[in-house]
Amino acid sequence: MSLPAIDLPVFHENGFQRKKCRITGLWFWTTDSDRETCGDTFEDEYTFIGEPLIPSFPQRGKALKDAMRESFLTFFESYQHQRVEPYPVLARWRDDIHLTIASIADFQPHVTSGQSEPPANPLTISQPCIRLTDVDAVGRSGRHLTTFEMMAHHVFNRPDDGQVIYWTDQCVRYCHELFTHKLGIDGNQITYVENPWCGGGNAGNALEVIVGGLELATLVFMDLEEHPQGEIELKGDRYSTMPLQIIDTGYGLERFCWAAAGTPTIYEAIYPESVQWLKELSNFPRVLEHWPDLQLDLILSELSRLNGIMNIEIGTDAEVLQSMILEKLAERGVHLTSKQYVSITEPLSRIYAIPDHMHAISHMLGDGLVPSNAKAGYLARMLARRVLRMRDDLGLTVSLRELGVHHLECNLAGEVQKQTHDGILHILDLEETRYEEMMRKGSQVMLTMLRELSKDATIIPDEILFQLNDSHGIPPDIAITLASKLGWSHVQLRTGFNAEMAERHAKLAKQASLQESSTKRLDLDGIQSTEPLFYDDVYCVEFNSKVLKSIVLESGFHSTASHCIILESTLFYPEGGGQESDRGHLTQSGSRIEVLDVQKQGEIILHFTNGPVDEHQEISGAISWERRKQLMDHHTSVHIVGGAARILLGPHIFQAGANKSEEMARLDITHYGRLSREQLDEIEDLANRAMKEIDETQKTILSRKDADATHGFDLYQGGAPKGDVIRVLKIGEHDTQACGGTHHDYPGQIGLIRIVRSTAVQDGVERLHIVAGEAARKHLRQQEKLLSQTSDIFGIQSSELPKTADRFFKEWKEQKKRIEQLEAEIVRLRTSGGGDATSSIDGVRCVVMETDGDLKQMTTMLKELTLDSTTPTLAILASSNGGPKLMVALTENSIASERYNAVEILKVMTPHIKGGGGGKPTFAQAGGADATGLPNALKAGKLFLGLGE
RNA sequence: GGGCGUGUAGAUCAGUUGGAAGAUCGCUACCUUGGCAUGGUAGAGGCCCCGAGUUCAAAUCUCGGCACGUCCA
């Protein structure tokens with residue numbers, strides 16, 4: 001079964017009729033009896049360019065957006081919708097996406113699953129969103145953006161409970177009234193296209209609202225969820241109805257603005273000052289001076305119209321696309337040469353994309369994001385690098401900071417949420433420095449990689465281009481430009497290379513996603529949730545409960561435990577939130593078993609033990625207080641240190657992960673630079689002050705709705721919690737976050753917090769190693785021991801260590817050098833006077849000697865013997881220092897090296913020491929197992945050379 | 001989260017099949033000059049990131065760690 005038609009009274013009352021689109025085959029509603037297409041086809045061109053569809057919005061840019069947004073929100077407020085402030089663009093409350101991609105994303109998954117209450121119902125919102133999927137089309141298509149605001153009205157109905165606020169008909173009524181009455185759009189221009197929507201496990205009927213060839217809104221009536229036996233089939237998946245009925249609408253603010261402005265592209269409607277500024281900076285008007293007859297606005301308008309009706313496949317070859325577009329433009333009476341087309345669209349596409357990208361960057365950094373080489377931080381870096389590249393392509397001399405200053409002033413005046421202006425600009429500076437460094441290193445790497453390539457080459461091998469892109473951050477087109485500058489003037493990018501590279505990346509990503517994690521789970525059907533007792537009183541160590549289940553584990557299921565016990569209630573804290581589990585023991589009728597590990601599966605707490613207990617019987621348990629106290633010391637310290645770091649370093653400090661064990665705690669924080677010991681000391685000082693000054697921690701339990709409303713999304717430092725119950729831990733004004741761990745009621749009980757050191761986890765994330773309480777004292781003792789052991793070796797006070805170690809290291813280096821010189825001197829002395837070791841064959845000095853030096857010393861000696869080209873020398877050295885060794889060297893480029901081959905001579909000798917070796921014709925070395933054979937080896941060598949005994 | 005890459009002189013980087021540690025700039029001294037720019041000659045400067053392993057032999061190969069870079073989801 002598929003979805004039924006959307007046949008609503010509102011359509012009939014307003015004179016709409018249902019038709020089937022001649023092109024797409026979709027059903028649509030229209031008041032125009034002559035209309036045959038749904039409005040969103042290749043025949044439906046934009047009608048609003050030059051002829052605004054929405055009257056009475058004379059503003060442009062931010063003012064236009066503000067006015068349009070306000071008129072949307074007030075319209076719905078007048079119909080009892082509550083206005084909800086926009087959520088951050090970083091979706092901190094979700095662990096499946098990094099960025100807020102739609103207004104409904106604010107309410108997923110907890111509200112849309114029915115678990116949590118929405119902040120208001122019905123509600124209206126204008127949510128800034130970022131989508132990077134079409135990032136390549138931004139600036140080129142005339143309409144694509146990475147950052148946009150999705151205006152919406154949302155309703156969450158529970159029909160089973162009789163709670164229905166409104167559904168399809170009323171939804172369309174609001175939409176239609178907004179369009180026709182509030183905004184003054186001609187009703188004849190509007191089509192409502194029936195096109196079911198599905199995504200993320202949900203689905204529903206939907207209407208696309210098309211005006212003037214542009215999709216202005218989508219109305220989704222989400223009441224289906226994926227179900228294998230579902231009765232409704234949509235795009236290959238089966239769905240059944242769910243208890244919740246959700247109205248999910250999306251009205252594109254920027255598109256409304258475009259329709260109101262009627263500009264050739266959307267960018268001129270929403271970023272007019274920036275476009276103008278960048279045009280001036282890049283001297284764009286001069287481009288047009290070459291062709292005074294060209295009408296730029298007409299060209300751009302036609303291009304936008306074309307792009308609006310053309311569905312361009314990703315990966316379409318640029319040249320093919322260009323000739324296609326030129327042909328179509330000609331059909332429309334706009335005649336352009338290929339050169340004119342490129343001269344206009346290449347710079348303009350960048351001028352248009354830069355403000356869009358800056359908008360996304362400003363929003364992301366404004367929300368406290370730190371650029372990085374992984375996760376969401378990478379997305380910000382990627383955008384920043386795109387901007388810098390486009391800036392360079394345009395030949396602009398402004399810095400990223402200046403672009404940022406302009407954007408914040410012009411397009412975001414006073415609307416940055418969390419990060420300070422200075423913070424954003426500082427991060428932009430750092431990103432630009434990094435970009436420059438990358439480009440500089442990239443050119444060096446290219447020079448090395450291309451060394452083998454002939455200067456007449458026309459293509460750079462694929463492997464080199466792949467590696468330049470993936471490992472060094474040099475995209476193929478930049479690689480080509482750089483290569484041309486470096487002397488390979490004929491190289492060009494092979495057609496279709498970019499598409500191939502994308503395919504290759506997609507393949508790798510697919511392979512990676514196939515590697516599934518196999519976490520072992522127990523079958524716990526029918527067992528009730530365990531009641532946690534550890535929250536009520538964190539200082540309680542003993543409890544009584546009843547055994548629900550005692551399971552014998554298969555061997556290998558757990559590394560140390562043999563059994564798994566499930567209780568009605570427990571004091572044992574299971575591993576979670578980065579905190580390790582409690583340990584202790586369970587006692588039943590006099591016999592005692594040890595609890596070795598505690599885990600959570602769903603809402604059931606599993607005690608892993610070294611023995612069984614009787615099911616359905618009473619049991620008493622006790623946790624190890626020493627361990628619990630230490631874990632609480634560490635966990636509470638992590639919060640305090642995190643808060644201190646945020647106060648000292650800035651609002652971008654966010655917890656990226658944490659771990660608390662008995663020995664130590666780790667806290668990963670987002671920050672854009674490495675931390676010095678001085679900074680760590682400051683954080684440590686503040687943390688210790690806070691620990692002492694704050695009397696009591698406040699622990700509250702809130703519903704998600706209330707927690708979000710009271711504390712905002714910085715609450716979710718430890719990741720997105722599941723469920724509707726949020727435990728909030730507040731430590732004075734120092735730190736507030738959602739956390740399910742066990743914490744001290746009185747921070748002062750920790751005693752001492754030490755930040756041992758910091759390491760880098762990835763770019764943009766710094767790991768703080770923390771010890772607290774007893775562990776801090778243990779750590780201190782250990783450090784003292786290390787110091788005293790080391791200073792004992794030197795026989796000095798530990799305070800003298802750095803000085804002494806430095807002296808020893810320096811002296812060691814000096815002595816090493818001296819020994820080398822002395823050894824060379826010895827060799828000179830032993831060889832200069834002739835003697836037994838030296839003889840001569842036809843003008844070649846032959847030195848055969850046994851020494852007691854090691855490998856390094858022997859090479860030094862050989863150097864001394866053979867480097868002087870005026871005395872052609874053949875030298876054979878033997879040594880038994882560190883195993884038998886033989887070396888043969890010849891003076892290079894002399895009669896010695898012409899006559900003899902060091903490797904051949906060596907081969908005669910090595911069998912005597914039971915070894916092997918090799919080298920170059922002028923320098924060979926060998927080692928072996930039998931040192932007693934050395935004299936014989938030397939004899940064999942002499943014999944080979946014809947030297948008598 | 002996954003993939004790839006880099007760590008060698010004060011700086012920027014080479015180092016081929018595992019077999020003698022290199023270049024350029026900078027530094028020091030001397031020569032050239034009235035002085036400077038410049039030019040010439042010589043010299044100093046290396047725990048080849050750290051730790052294991054393989055090997056007769058490791059800057060080079062393998063594994064682990066540390067530091068850094070980069071692409072993708």
Side-chain angles (χ1 to χ4, degrees), chain A residues 95-99 132-133 372-376 378-379 381-382 385 434-435 437-445 447-449 451-452 463-476 501-517 656-657 674 757-764 767 808-810 812-814 816-817 820 854-867 875 879-880 882-892 902-903 906-907 909-911 913-931 937:
Chain A
D95 49 18
D96 53 341
I97 50 172
H98 294 307
L99 299 170
L132 297 177
T133 43
S372 162
N373 52 10
K375 298 191 179 176
Y378 174 70
L379 303 176
R381 174 161 296 163
M382 183 194 78
R385 296 213 162 153
R434 238 171 217 288
Y435 169 80
E437 180 65 8
M438 183 192 76
M439 292 298 279
R440 192 190 59 76
K441 287 218 160 173
S443 324
Q444 286 293 341
V445 170
L447 272 180
T448 311
M449 288 177 112
R451 210 172 22 181
E452 306 278 306
E463 272 315 308
I464 291 185
L465 285 178
F466 283 136
Q467 207 187 331
L468 279 171
N469 183 77
D470 288 5
S471 303
H472 305 285
I474 305 293
M501 192 167 75
E503 205 171 296
R504 189 171 144 132
H505 286 149
K507 216 184 250 177
L508 284 171
K510 203 171 180 185
Q511 272 172 8
S513 69
L514 284 176
Q515 292 166 347
E516 88 278 27
S517 63
R674 295 304 310 267
R757 66 198 176 108
S758 75
T759 52
V761 178
Q762 61 184 210
D763 190 37
R767 174 166 293 171
F808 269 74
F809 189 61
K810 275 196 184 121
W812 170 73
K813 282 204 283 194
E814 277 164 21
K816 205 174 71 163
K817 192 131 259 169
E820 263 173 45
D854 64 15
L855 210 69
K856 199 145 196 175
Q857 292 162 349
M858 285 167 80
T859 53
T860 314
M861 293 162 82
L862 284 174
K863 243 192 238 179
E864 202 54 57
L865 284 163
T866 60
L867 276 185
S879 166
S880 57
K885 287 183 184 63
L886 288 167
M887 281 189 165
V888 182
L890 295 155
T891 307
E892 278 184 49
V903 179
L906 193 74
K907 279 200 177 136
M909 304 193 290
T910 46
I913 56 166
K914 294 181 182 161
K920 302 192 295 188
T922 56
F923 188 88
Q925 49 189 278
D930 185 6

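Heavy-atom basis, side chains included; hydrogens, waters and symmetry copies ignored. So you know, we letter chains A, B, ... as the sequences are listed, proteins then strands, and number each from 1.
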If you look at every strand shown and take non-hydrogen atoms under 4.0 Å, does [X] touch a base, only sugar-phosphate, or nothing?
{"X": "A/Thr759", "result": "sugar-phosphate"}
{"X": "A/Gln467", "result": "sugar-phosphate"}
{"X": "A/Phe466", "result": "nothing"}
{"X": "A/Lys441", "result": "sugar-phosphate"}
{"X": "A/Arg440", "result": "sugar-phosphate"}

Among [options], find the nucleotide with the atom closest to the side chain of [X].
{"X": "A/Gln444", "options": "B/rU12, B/rC4, B/rG69", "value": "B/rU12"}
{"X": "A/His98", "options": "B/rC47, B/rG69, B/rA73", "value": "B/rA73"}
{"X": "A/Lys375", "options": "B/rU70, B/rC68, B/rG1", "value": "B/rG1"}

Exercise. Under the 3.5 angstrom rule, does the side chain of A/Ser372 hit a backbone N or O of A/Asp763 as a donor-acceptor pair?
Worked result: yes
Atom [atom1] of [X] and atom [atom2] of [N]: how far apart are they, to the nearest Å?
{"X": "A/Gln762", "N": "B/rC71", "atom1": "CD", "atom2": "P", "value": "14 Å"}
{"X": "A/Tyr435", "N": "B/rC71", "atom1": "OH", "atom2": "P", "value": "11 Å"}
{"X": "A/Lys810", "N": "B/rC47", "atom1": "NZ", "atom2": "C1'", "value": "15 Å"}
{"X": "A/His472", "N": "B/rC68", "atom1": "NE2", "atom2": "C1'", "value": "13 Å"}
{"X": "A/Leu468", "N": "B/rU6", "atom1": "CG", "atom2": "P", "value": "12 Å"}
{"X": "A/Asn469", "N": "B/rG3", "atom1": "CG", "atom2": "P", "value": "18 Å"}
{"X": "A/Ile913", "N": "B/rA57", "atom1": "CD1", "atom2": "C1'", "value": "12 Å"}
{"X": "A/Asn373", "N": "B/rG5", "atom1": "CG", "atom2": "P", "value": "16 Å"}

Using Watson-Crick or G-U wobble geometry with both distances below 3.5 Å, tell me the partner of [N], or none.
{"N": "B/rU6", "answer": "B/rA67"}
{"N": "B/rA59", "answer": "none"}
{"N": "B/rA42", "answer": "B/rU28"}
{"N": "B/rA14", "answer": "none"}
{"N": "B/rC47", "answer": "none"}
{"N": "B/rA21", "answer": "none"}

Same-atom distance ([atom1]) from [N] to [M], integer angstrom:
{"N": "B/rG43", "M": "B/rC47", "atom1": "C1'", "value": "23 Å"}
{"N": "B/rA44", "M": "B/rU6", "atom1": "P", "value": "32 Å"}
{"N": "B/rG10", "M": "B/rA52", "atom1": "P", "value": "24 Å"}
{"N": "B/rU55", "M": "B/rU12", "atom1": "C1'", "value": "34 Å"}
{"N": "B/rU38", "M": "B/rC13", "atom1": "C1'", "value": "26 Å"}
{"N": "B/rC25", "M": "B/rA42", "atom1": "P", "value": "14 Å"}
{"N": "B/rU8", "M": "B/rC31", "atom1": "P", "value": "37 Å"}
{"N": "B/rC49", "M": "B/rA57", "atom1": "C1'", "value": "22 Å"}

Exercise. Mapping A/Arg381 and A/Phe809 to their closest nucleotides on RNA chain B, which lands nearer the 5' end?
Worked result: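 On the 5' side of the pair lies A/Phe809.
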Seminar exercise, completed: Result for 5'-nearest mapping on RNA chain B, choosing between A/Ala760 and A/Ser471, is A/Ser471
Exercise. Any chance CD of A/Glu437 has more than 12 other-residue heavy atoms, nucleotides or ligands included, within less than 6.0 Å?
Worked result: yes
Exercise. For B/rC68, does OP1 or OP2 lie under 4.0 Å from any side-chain N or O of A/Arg434?
Worked result: no
Exercise. Residues two or more places apart in sequence or in another chain: which of them pass side-chain hydrogen bond (donor to acceptor under 3.5 Å, both in side chains) with A/Arg385?
Worked result: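 Checked A/Arg385 against side-chain hydrogen bond (donor to acceptor under 3.5 Å, both in side chains); zero matches.
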Exercise. Do A/Pro476 and A/Asn469 touch side chain to side chain, with heavy atoms closer than 4.5 Å?
Worked result: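 A/Pro476 vs A/Asn469: side chains touch.
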Could you tell me the separation between the [atom1] atom of [X] and the [atom2] atom of [Y], rounded to the nearest 0.5 Å?
{"X": "A/Met438", "Y": "A/His472", "atom1": "CE", "atom2": "NE2", "result": "11.5 Å"}
{"X": "A/Leu465", "Y": "A/Met501", "atom1": "CG", "atom2": "CE", "result": "8.5 Å"}
{"X": "A/Leu99", "Y": "A/Leu379", "atom1": "CG", "atom2": "CG", "result": "5.5 Å"}
{"X": "A/Met449", "Y": "A/Gln444", "atom1": "CE", "atom2": "CD", "result": "13.5 Å"}

Problem set entry | B/S/- contact track for nucleotides 15-25 of chain B, protein heavy atom under 4.0 Å | S---BB-----
For this session: Please evaluate the base of B/rU70 for a donor-acceptor partner in the side chain of A/Asp470 within a cut-off of under 3.5 Å?
Result: no
Problem set entry | Counterpart residues, side-chain contact (heavy atoms from CB on, under 4.5 Å), relative to A/Thr759 (two or more places apart) | A/Arg757, A/Arg767, A/His769
Exercise. Which is it for A/Ile474 and A/Met439 under the side-chain contact (heavy atoms from CB on, under 4.5 Å) test, yes or no, and what are the steps along the way?
Worked result: CA-CA 7 Å; A/Ile474 305 293; A/Met439 292 298 279; 4.2 Å; yes
